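Following: one structure in structure tokens, then a few remarks.
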Amino acid sequence: MTLSRDEDSSLRHWSSRLIQALQILDLEVDHEKIVEVAEESLKAVGPHADAISAFMVGYAAGTASTKGRKGTQEAVHAASNKVIELCEHGESGGPDEEGWVKRAQ
């Protein structure tokens, strides 16, 4: 997934405003990865799954990085990749299905 130059510029500006307002000044955002998570979630599940998925990626990454398990970027990518993997199965599959034991971050 590649963002257009205008969209990338707008997202970078918006991210800068959010980073300053939320006082998370050391954060670097991988816009393309988060947009991919949102788009795949929307296609796989439906409206608003994009927002929920993006929030969950951020929460999971924040938890992983504050507990010292992973660096922020690594945690974001791990959580994003897990969401994208889930999207391959739509609303079915997931932790209750066979093969998901011990696959948490």
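Quick caveat, the model's predicted, so the values are computed rather than measured.
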* **Partner set under side-chain hydrogen bond (donor to acceptor under 3.5 Å, both in side chains) for Ser10, not counting sequence neighbours** => none
Partners meeting side-chain contact (heavy atoms from CB on, under 4.5 Å) with [X] (sequence neighbours left out):
| X | answer |
| --- | --- |
| Leu42 | Asp50 |
| Thr2 | Glu32 |
| Ser53 | Val37, Ser41, Val83 |

* Asked: Are Lys33 and Asn81 close enough, and set up right, to give a side chain to side chain contact (heavy atoms under 4.5 Å, CB included), and what steps lead you there?
  -> CA-CA 9 Å; Lys33 188 61 141 177; Asn81 290 336; 2.6 Å; yes
* Asked: Is Thr72 close to Glu28 at the side-chain level, that is, under 4.5 Å between some pair of heavy atoms?
  -> no
* Linking I/L/V/M/F/W/Y whenever their side-chain heavy atoms sit closer than 4.5 Å, directly or via other members, would Val29 and Leu25 fall into one cluster? -> yes
* Residues two or more places apart in sequence or in another chain: which of them pass salt bridge (Lys or Arg N to Asp or Glu O under 4.0 Å) with Asp30? -> none
* Which pairs pass salt bridge (charged side-chain N to carboxylate O under 4.0 Å, His left out) with one or both residues in residues 8-17, sequence neighbours excluded? -> Asp8-Arg12
* To do: For Glu40 and Lys43, work out which heavy atoms get closest and say how close.
  => OE2-NZ, 3.1 Å
* Asked: Taking all atoms of both residues into account, what is the closest heavy-atom pair of Ala60 and Ala79, and its distance?
  -> CB-CB, 4.0 Å
* Taking atom CD of Gln23 as the centre, report whether more than 12 heavy atoms of other residues, nucleotides or ligands fall under 6.0 Å from it. => yes
* Asked: Which distance, rounded to the nearest 0.5 Å, do you find between the CD of Glu36 and the CD of Glu39?
  -> 8.0 Å
* Structure fact -> In this structure, CD1 of Ile34 is separated from CG of Leu11 (nearest 0.5 Å) by 11.0 Å
